[in-house]
Each structure stands twice: as C-alpha cells, then as structure tokens.
Amino acid sequence: MLQADGENKRIKKQMPIFSSVGGIAKLLVALSLLLSVHSCTEQQLETTSMRPAPKMILIIGDGMDDQQITIARIYLSGNNGRLKLDELPYRGVVQVQAVDEANPGQAVYVTDSASTATAIATGRITSSRRIATSAGTDERLLSIMEIAQSAGLGTGIVTTASLTDATPAAFATHINNRFCQGPADMVSTIGATRTPVNCSQYIQANGGGGSISEQIAALEIDILLGGGTQYFDQISEANSAMSVMDAAVANGYKVIRKREELALIEADTKVLGLFSPSTMPVRLRGVGGAQAEKIERINGQVRLPAAYSCEPNPQFAGMPTLAEMTRAALSQFDDVRGFMLMVESASIDKQSHRRRPCGSIGELAQLNEALEVALEYAVSHPETLILVTADHAQAAQLVSEKVSLLAPNHASPGFFARLLTPEGSVMGINYATTDWPRQEGHTGAQVPLYAFGPNVNQLPSFIRQAEIFGIMERHLGLGSH
Ligand SMILES: [Zn+2]
C-alpha cells in the first residue's frame, strides 16, 4: 500500500488563524521554509523541510462504469484508440457497497452518489441519500477533505454538478438527505414522484448545521468550483437579510460566475465559483437533440431508429471546461504545501439517466481532459497521487446496433440509440433499467480505479470502495487524526 513520506514535514496550522488570514499564513509558511533553507546544509535540505508535501488529486466520473468508458473510447478515439485513462499505469476494480437505512446491517447492492461518495470521502459505508453521515444513527463522518484541512493542507472541490450535489457535498458537508441543498429545501418533496425529504434536525433553529449550501458557505476550503447558484441565492436561515451567497462572501469567499474570471483568481483568496443555476450544461448532445427511444414495431417487424451522431451542445457555450476548472484549482496551491483536490465529472451519470449517450460521451471526454491537466501537474510534482474512479455503475449498455443477434425480429425492450461513430460504424446503446419514461436508474456492477503516482504498483487490484479513503489518507500522511 502507499505509505506517506515519514520525513516529510507537513505544516500544521491553527485553523482560526489561517481561516482569517489564509493568504498571509501561506506566505509566512513559504518564508519560514525559505529561511530554513539558509540554515540547513544541502544534504539536510534534500531530506527535510524543502521536500514538497504529498498531494492528492481524486477524479470521480459519476456513473463512469466500463460500459460508459467503452462507449466513450469508441466514439472519441475509434475502436483501435485509447483514452488518456488507458495510459495510467495502475488499473484495479472497486466493489461498491451500501447498507439499508432502517437496518444498517443489511447490504444494499445498487445505490446512489450520496452513499458512494460518502464511502470514498469518509471510509464508511452508509445508506442511499446520506451525505457523510451514518446509516440509521446519523453520526457525523469526517471526510478526507476535512482531515486534510485540519492538518493545514490545501483543499479544493471541482464539479460539473451543483456544488451542493451529492458527490461534492459528501466531501465537505454532513446531512441526512442529499436533497436538502438549500435552506428552502429542508422539508419538501422532490421530483415527479413527490418523494418526501426531511432534514428538520439539520435546520439551524433546531440546532443543526443548516442546508448543504449554508454549510458550504461556512467552509474554509480554498477553492470550490461548479454550478448551483439557485441554492446560494436562497435566503440564509441565520440572517433573513442575507442570501447564502452573501454569507459566503461574509465568510471571505470571492464569488466568481464567469469563465473569464477563472484566469484572474488569486492564490491567497478563497474562491467560490458558480457558473450555472444548477448542473452545468454538458458539452455534447445528439444531433438536433436526439436521444435513445423506444423501438417501434410495424406489422410485427422491428423498425430500428435512425443512427445519429453527436454535436456540440449550444448551451455549453461560455461554460468553463472541467479541465479549465481543474487547472484553476491547481493554481491555488503552492508547490511546497500538500493538498487534497476532488474533481468530479458529474453528468456522465446525469446524461445516462436521461438516455443521452452523446451527453455522457462528452462528459467522459471532459474527465479525460481534466486528467491530462492533472497528469501534467503530477509529472512536474512527483509527490502527487492521482486516483480516478467512479462512484457507481449506470444504465447504458453497448449492444448490437441491429436487431437481436439471437432472434431476428426481436430487439431491445428498453430505450435504444444507434450512434453513428466518426469512424463510420454504428454503436447500439441500450437503456433498460426501468420502464419509467422520465429516467433510468443506476446499476450495481463494480467500478474502475486508475492510479498514477508514487507506489501505485503496490495497490491491490481489487478493493472495496471505502478503502479509497485509506489510500488517500496514507498518501497524505494523515493517518493519526
Ligand atoms: Zn445518478
């Protein structure tokens, strides 16, 4: 397993001091290290304080299972091609685990991003919809991001979802239900099914920490980039004269809303970047908005839908790419101090729910490009570990693009797309987890883990999802919290 460098002197910080004058504190740390340079021999320098601290970049492809990777690889690079992912030196598999809320001893085999991100972020298995809290008992589970921050490391969260969505939320906040994203959402119903949501014990008047956006506004994470203005524009429960956004500004966050502003951020300022009302628009769509559809039969004969290709999604114009956001986040961290950065490509999953293969492909391309940025950084900072994984599997399957291979005149009973690839063949992509017209569900297959960095050849080829936490914790040298 990966071991933290025992000689490395991590810089412990007293949080209240750093949180108020984070930039000055970083400067002082850099200065003190520079001063120590002058008082050390060259040999000491090589082995002690100037050795850069371990750095961790975790990249999560939401719903990025082997089906999604294969479909994206074929579309983006051809059947003989490779993704950047495929060049990483370690490739293992991860068993996804969750438990039942009412009976936490009972295994659940298909779960959601809230419980899976909680497993990755905290090392603890929980139930669906829970954000860094325990199944049944609602215990607060400390995340790797919080532990890193307490140890004085840099911290960052980048996502193409709302920052309040399940995956980013599990790294920084704690609540019993992922849908309590803003103060107005604490007791509500969600979606077409009117499923009840109740986070009343987290309402501040009841002694709780507030909604996810309110908890984010109170954070000391160095950089937060994603979507979700609608949850920050709500009135703060603590002060009815303020929005949650105002509370974030009062807490020292510089709020940015435009792609161009990413280039202007300053390393000594906490940044909250919000680029869309909710999930950020995706890069690709089917030509004219085409997506998977139910197969028609005419006089008992299967009538296959027309093949289509992908095109740029006009709504994506002006959005920062995931790679640009990743680069901006990395620019916030100095070379000496360690950091924990989580980068999520969220809509591989969300587009698969909507049966839009082009959408998922474009977001997997975004992940691939963000990985390129991370790899560039890791090559010049060899103390960096990059892990790439998925939280859970999704619905899409790569199937025959014609009728059933076994029985002519039979075809998918689900929703089916025929995707014309740039190399001129056709992929059949099937979605059949449910007959609900609105969206597909997740599936329960194992997910991939890729790694690049120190000692990755010592990682086991099979792990359970919660063990990813331990890999990150050991790499960062944070084992004694
Ligand atoms: Zn999902």
Side-chain angles (χ1 to χ4, degrees), residues 59-69 71-72 94 96-98 101 108-121 125-132 159-171 175 177-181 185 190-193 195 197 212 226-228 231 276 278-284 291-292 322 342-364 366-367 388-397 414-415 429-448 465:
I59 301 178
I60 298 178
D62 202 311
M64 187 182 71
D65 59 22
D66 283 349
Q67 298 276 351
Q68 293 287 350
I69 293 168
I71 291 165
V94 181
V96 175
Q97 295 176 305
E101 172 67 16
V108 169
Y109 305 124
V110 180
T111 187
D112 73 338
S113 297
S115 70
T116 54
T118 296
I120 296 169
I125 297 163
T126 193
S127 58
S128 295
R129 299 191 173 183
R130 279 199 168 273
I131 299 292
T159 180
T160 54
S162 295
L163 277 164
T164 52
D165 202 27
T167 306
F171 282 80
I175 204 157
N177 191 309
R178 60 182 291 180
F179 295 111
C180 299
Q181 295 185 81
D185 310 319
I190 47 117
T193 57
T195 307
V197 171
I212 294 171
Y231 304 107
S276 62
S278 57
T279 306
M280 291 169 69
V282 297
R283 173 184 284 181
L284 294 181
Q291 58 188 69
L322 188 61
M342 194 285 287
V343 175
E344 182 201 23
S345 184
S347 293
I348 301 167
D349 170 79
K350 294 179 193 299
Q351 292 290 289
S352 185
H353 279 299
R354 306 284 295 274
R355 306 178 177 112
R356 294 174 175 168
C358 289
S360 294
I361 289 167
E363 298 315 287
L364 210 144
Q366 289 231 62
L367 179 139
V388 188
T389 191
D391 48 357
H392 55 75
Q394 246 290 346
Q397 291 177 296
F415 291 75
I429 300 171
N430 191 46
Y431 300 83
T433 59
T434 170
D435 59 1
W436 193 33
R438 282 177 177 261
Q439 59 170 302
E440 295 290 323
H442 300 161
T443 55
Q446 65 186 23
V447 294
Q465 194 159 42

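Order of appearance sets the numbers: ligands from 1, and atoms from 1 within every ligand.
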* Asked: Going through the checks in order, is the side-chain contact (heavy atoms from CB on, under 4.5 Å) test met by T279 and S347?
  -> CA-CA 8 Å; T279 306; S347 293; 3.4 Å; yes
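Separating the CD1 atom in I348 from the CD atom in Q68 is a distance of 7.0 Å, to the nearest 0.5 Å. In this structure, CZ on R355 lies 7.0 Å from OG1 on T433, to the nearest 0.5 angstrom. The CH2 atom of W436 sits 5.5 Å away from the OG1 atom of T193 when rounded to the nearest 0.5 Å.
Geometry at the Zn ion (ligand 1): NE2/H442 and OD1/D349 form an angle of 90°, nearest 10 degrees.
Shortest distance from the Zn ion (ligand 1) to H353 is reached at NE2 (N/O/S atoms only).
None of the N, O or S atoms belonging to D62 lies under 2.8 Å away from the Zn ion (ligand 1).
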